Structures are given as structure tokens and as C-alpha cells.
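Just so it is clear, the model here is predicted, and its values are computed rather than measured. The residues of the chain are indexed from 1 along the displayed sequence.
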Amino acid sequence: REWHPIGIENQIDRNKPYVFNIGKLPMVLWYDNNTPISTLNICKHLGAKLDNAIINNGCLHCSNHLTGYNQTDALGKVVVKNGLLWWSFKSC
């Protein structure tokens with residue numbers, strides 16, 4: 001239920017995935033319109049990193065086999081407050 005700062009919103013390039021870690025947990029973030037979405041930075045198909053994934057119509061697609069991710073694949077919640085992006089696994 002803790003919130004972790006993961007980035008400065010105006011420094012995020014919304015055209016490509018944003019990679020961050022929560023401790024040793026590799027994560028990736030992208031936007032569906034103005035909604036930030038995060039999931040593990042590990043493709044559920046073959047385990048590749050999603051660093052070079054493609055964002056199309058609010059969905060993240062693995063660049064290796066085009067496995068798609070959307071809001072239903074989110075892990076945790078990302079919010080914007082005071083210009084910062086904050087992540088929590090179970091927000092209150």
C-alpha cells in the first residue's frame with residue numbers, strides 16, 4: 001500500500017515505453033490516452049523485455065512477437081501528483 005515515485009511526468013516520452021524498477025522488480029509504463037499503465041517488463045509470451053515494445057492505440061506490443069498488453073494486464077496503479085508519477089501495487 002506504499003506509493004513509490006517512479007518518474008517526472010513531463011520528462012516521459014509517451015511514444016515509447018518507460019522502464020523503471022520497484023526494488024529489483026523490472027517494470028514498464030506506457031500511456032493509453034492520458035492514463036498511465038504499468039506492468040512487468042517481461043513479455044508473457046517468451047519472457048523478452050518490453051523496453052523496445054511498440055505503443056499503438058493505447059496498447060503495448062512486444063517487438064518480438066507482437067504480444068499485446070492493455071489496461072487488463074496492468075500491475076499496480078500509477079497516478080500523477082505534483083508533476084511526479086507514483087506507483088503502488090495496492091493503492092488505498
Side-chain angles (χ1 to χ4, degrees):
R1 296 182 199 267
E2 295 178 10
W3 287 96
H4 304 272
I6 60 170
I8 300 170
E9 185 185 30
N10 66 6
Q11 294 182 1
I12 305 294
D13 181 353
R14 292 181 180 212
N15 296 311
K16 61 183 184 178
Y18 174 71
V19 176
F20 65 99
N21 289 319
I22 299 297
K24 293 184 178 183
L25 188 65
M27 302 289 293
V28 64
L29 174 140
W30 74 98
Y31 284 85
D32 180 0
N33 294 317
N34 287 323
T35 303
I37 304 168
S38 65
T39 196
L40 287 175
N41 188 4
I42 302 168
C43 180
K44 60 188 173 187
H45 178 233
L46 288 175
K49 288 186 175 184
L50 298 170
D51 296 17
N52 297 316
I54 301 158
I55 301 169
N56 187 15
N57 291 326
C59 293
L60 187 72
H61 297 277
C62 178
S63 58
N64 291 321
H65 298 103
L66 300 178
T67 302
Y69 298 84
N70 59 34
Q71 183 69 37
T72 62
D73 299 296
L75 178 64
K77 179 161 178 77
V78 179
V79 297
V80 178
K81 183 158 180 135
N82 298 326
L84 295 176
L85 290 165
W86 295 84
W87 181 90
S88 177
F89 179 64
K90 290 187 177 181
S91 58
C92 297

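Hydrophobic clustering, with ILVMFWY side chains joined whenever heavy atoms are under 4.5 angstrom apart, groups W3 together with L84. Two different hydrophobic clusters hold L75 and W30 under the rule that ILVMFWY side chains link at heavy-atom gaps under 4.5 Å.
Shortest non-hydrogen contact noted between N52 and S63 is O-CB, 3.3 Å. Across Y31 and I55, no two heavy atoms sit closer than the pair O-CG2, 4.2 Å. When all heavy atoms of H61 and G68 are compared, the closest pair comes out as ND1-CA, 3.6 Å.
Ring geometry, H45 versus H65: the interplanar angle exceeds 60°, so the pair is classed perpendicular (tilted spans 30 to 60°). In this pair, W87 and F89 present their aromatic rings tilted. The plane angle is within the 30 to 60° band.
Counting heavy atoms from C-beta on, the side chains of L50 and Y69 come closer than 4.5 Å. Considering only heavy atoms from C-beta on, L40 comes within 4.5 Å of M27 through its side chain. S38 is listed as a side-chain neighbour of F20, based on a closest heavy-atom distance under 4.5 Å. The closest side-chain heavy-atom distance from I22 to I6 is below 4.5 Å.
T72 and N70 are linked by a side-chain donor-acceptor pair at a separation below 3.5 angstrom, with hydrogens and angles left out of the test.
If you take CD on Q71 and CD1 on I37, they are separated by 4.5 Å, rounding to the nearest 0.5 Å. With rounding to the nearest 0.5 angstrom, the OG atom of S88 is 6.5 Å from the NE2 atom of H4. The CD1 atom of I12 sits 8.5 Å away from the CD1 atom of I8 when rounded to the nearest 0.5 Å.
Every residue meeting the salt bridge (charged side-chain N to carboxylate O under 4.0 Å, His left out) condition with E9, not counting sequence neighbours, appears here in chain and number order: R14. For D73, the salt bridge (charged side-chain N to carboxylate O under 4.0 Å, His left out) test picks out K44, with sequence neighbours left out.
By the 6.0 Å contact criterion, CG on N57 is open, its count of non-hydrogen atoms from other residues, nucleotides or ligands being 12 or less. Annotation: N34, atom CG; neighbour count of heavy atoms from other residues, nucleotides and ligands within 6.0 Å does not exceed 12.
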Stepwise side-chain contact (heavy atoms from CB on, under 4.5 Å) test for I54 and L60: CA-CA 6 Å; I54 301 158; L60 187 72; over 6 Å; no
Please step through side-chain contact (heavy atoms from CB on, under 4.5 Å) for the pair D51 and V28, ending with a clear verdict. CA-CA 7 Å; D51 296 17; V28 64; 5.8 Å; no
